Structures are given as structure tokens and as C-alpha cells.
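Okay, structure first, notes after.
Hydrogens, waters and symmetry mates play no part in the numbers below; they use all other heavy atoms, side chains included. All figures in this text were calculated on a predicted structure; none of them were measured in a lab.
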Amino acid sequence: QLQLVDSGGGLVQPGGSLRLSCAASGFTLNDYAIGWFRQAPGKEREGFTCISSTDDSTFYTDSVKGRFTISRDKAKDTVSLQMNSLSPKDTALYYCAAGPFCSWSSYDYNTWGQGTQVTVSS
């Protein structure tokens with residue numbers, strides 16, 4: 001069965017940094033576009049970054065552009081998300097997801113991680 005494993009969340013102060021990781025179980029992650037989504041209580045799940053499977057092109061929403069960086073390690077078959085200058089508005093459950101192409105819609109992704117909690121608070 002296809003699965004993703006996301007990890008690296010935790011508690012951090014405003015202005016701090018965290019690095020999240022996404023790994024595959026049962027398939028090759030390098031063959032898929034990988035997106036990151038986040039969901040806070042009472043809010044919709046929103047996509048905010050993605051890396052393509054064909055040429056490793058990256059995409060970001062305005063809310064994270066310049067602060068977050070997504071990258072792929074081909075040798076380890078993993079994807080990382082570096083998050084800098086974090087604010088309380090970034091507090092949410094973060095998920096990585098695999099699909100055939102990059103999209104802002106959660107419905108375009110086939111396989112999801114279990115979620116890792118990111119809390120930004122002083």
C-alpha cells in the first residue's frame with residue numbers, strides 16, 4: 001500500500017525555523033510531484049508549496065514565498081521543507097502529498113502523510 005511519512009514538526013518561537021521531511025513507503029517518491037498542505041482547526045486545508053517530478057520546478061503561494069524553501073534529495077528519495085521566519089499564523093498540522101503534477105487542489109494528490117504538528121508560540 002502506498003504511504004508517505006512526514007516528520008520534523010515541533011514547538012518554535014516566532015521568528016524561528018523548522019525543517020520538515022517527507023519520505024516514501026512502498027514507492028519511489030522521486031517519480032511524483034510533492035506538495036505540502038497545512039490545516040488549522042476550523043479552517044480549510046491549504047496547499048502552499050510544491051516541487052515537480054519532471055524538472056524539480058518549485059511553486060509557492062504569496063503567504064510563504066521568501067520564507068519557505070522546498071527541495072528534493074534524489075539520492076535519499078526524500079523531500080524537505082525549510083521554514084524560516086515563522087509566525088503564529090503558521091501554526092497548523094502539516095501534510096506532504098504525492099501526485100502526478102503540482103496543483104493547489106488537495107483532490108489532485110493520491111497519497112498523503114499522517115501529518116506533523118507545527119506550533120509557533122512565545
If you apply the rule side-chain contact (heavy atoms from CB on, under 4.5 Å), what do you find for W36 with F48, and how did you get there? CA-CA 6 Å; W36 284 91; F48 58 88; 3.5 Å; yes
Quick one: does [X]'s side chain get under 4.5 Å of [Y]'s, heavy atoms only?
X: V5; Y: Q114; value: yes
X: Q117; Y: L11; value: no
X: N110; Y: P100; value: yes
X: M83; Y: Y94; value: yes
X: L29; Y: I34; value: yes

Step through it carefully: locate the ring centre of Y109, locate the ring centre of F37, and say whether they are under 6.0 Å apart.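 They qualify: ring centres under 6.0 Å apart.
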Provide the closest heavy-atom pair for [X] versus [Y] in the form atom of the first, atom of the second, distance.
X: D56; Y: I51; result: O-CG1, 3.7 Å
X: D108; Y: S103; result: OD2-OG, 2.6 Å
X: C102; Y: A33; result: N-CB, 3.7 Å

Please walk me through it: do F68 and L86 pass side-chain contact (heavy atoms from CB on, under 4.5 Å)? CA-CA 9 Å; F68 293 7; L86 288 164; 3.8 Å; yes
Show every donor-acceptor pair shorter than 3.5 Å between a side-chain atom in residues 12-28 and any protein atom, with sequence neighbours excluded, or say none if there are none.
residue: S17; atom: OG; partner: N84; partner atom: OD1; Å: 2.9
residue: R19; atom: NH1; partner: Q82; partner atom: OE1; Å: 3.1

Ring-face cation of R38 near Y95 (centre distance under 6.0 Å, axis angle within 45°):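 No, R38 does not lie over the aromatic ring of Y95.
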Are W112 and V79 in one and the same hydrophobic cluster, where Ile, Leu, Val, Met, Phe, Trp and Tyr link if side-chain heavy atoms are under 4.5 Å apart? no
Same cluster (ILVMFWY, side-chain, under 4.5 Å), I70 and Y32: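 They do share one cluster, since a chain of ILVMFWY contacts under 4.5 Å joins I70 to Y32.
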Could you tell me whether a side-chain N or O of [X] sits under 3.5 Å from a main-chain N or O of [Y], the two making a donor and an acceptor?
X: D73; Y: T78; result: no
X: R45; Y: Q39; result: no
X: S57; Y: S52; result: no

D77 with R72: basic N within carboxylate O range, under 4.0 Å: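 Salt bridge: no.
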Looking at [atom1] of [X] and [atom2] of [Y], how far apart are the two atoms once the value is rounded to the nearest 0.5 Å?
X: S53; Y: D31; atom1: OG; atom2: CG; result: 7.5 Å
X: E44; Y: S106; atom1: CD; atom2: OG; result: 9.0 Å
X: C50; Y: W104; atom1: SG; atom2: CH2; result: 7.0 Å

Pairing donors with acceptors under 3.5 angstrom, does anything connect the side chains of S63 and T61? yes
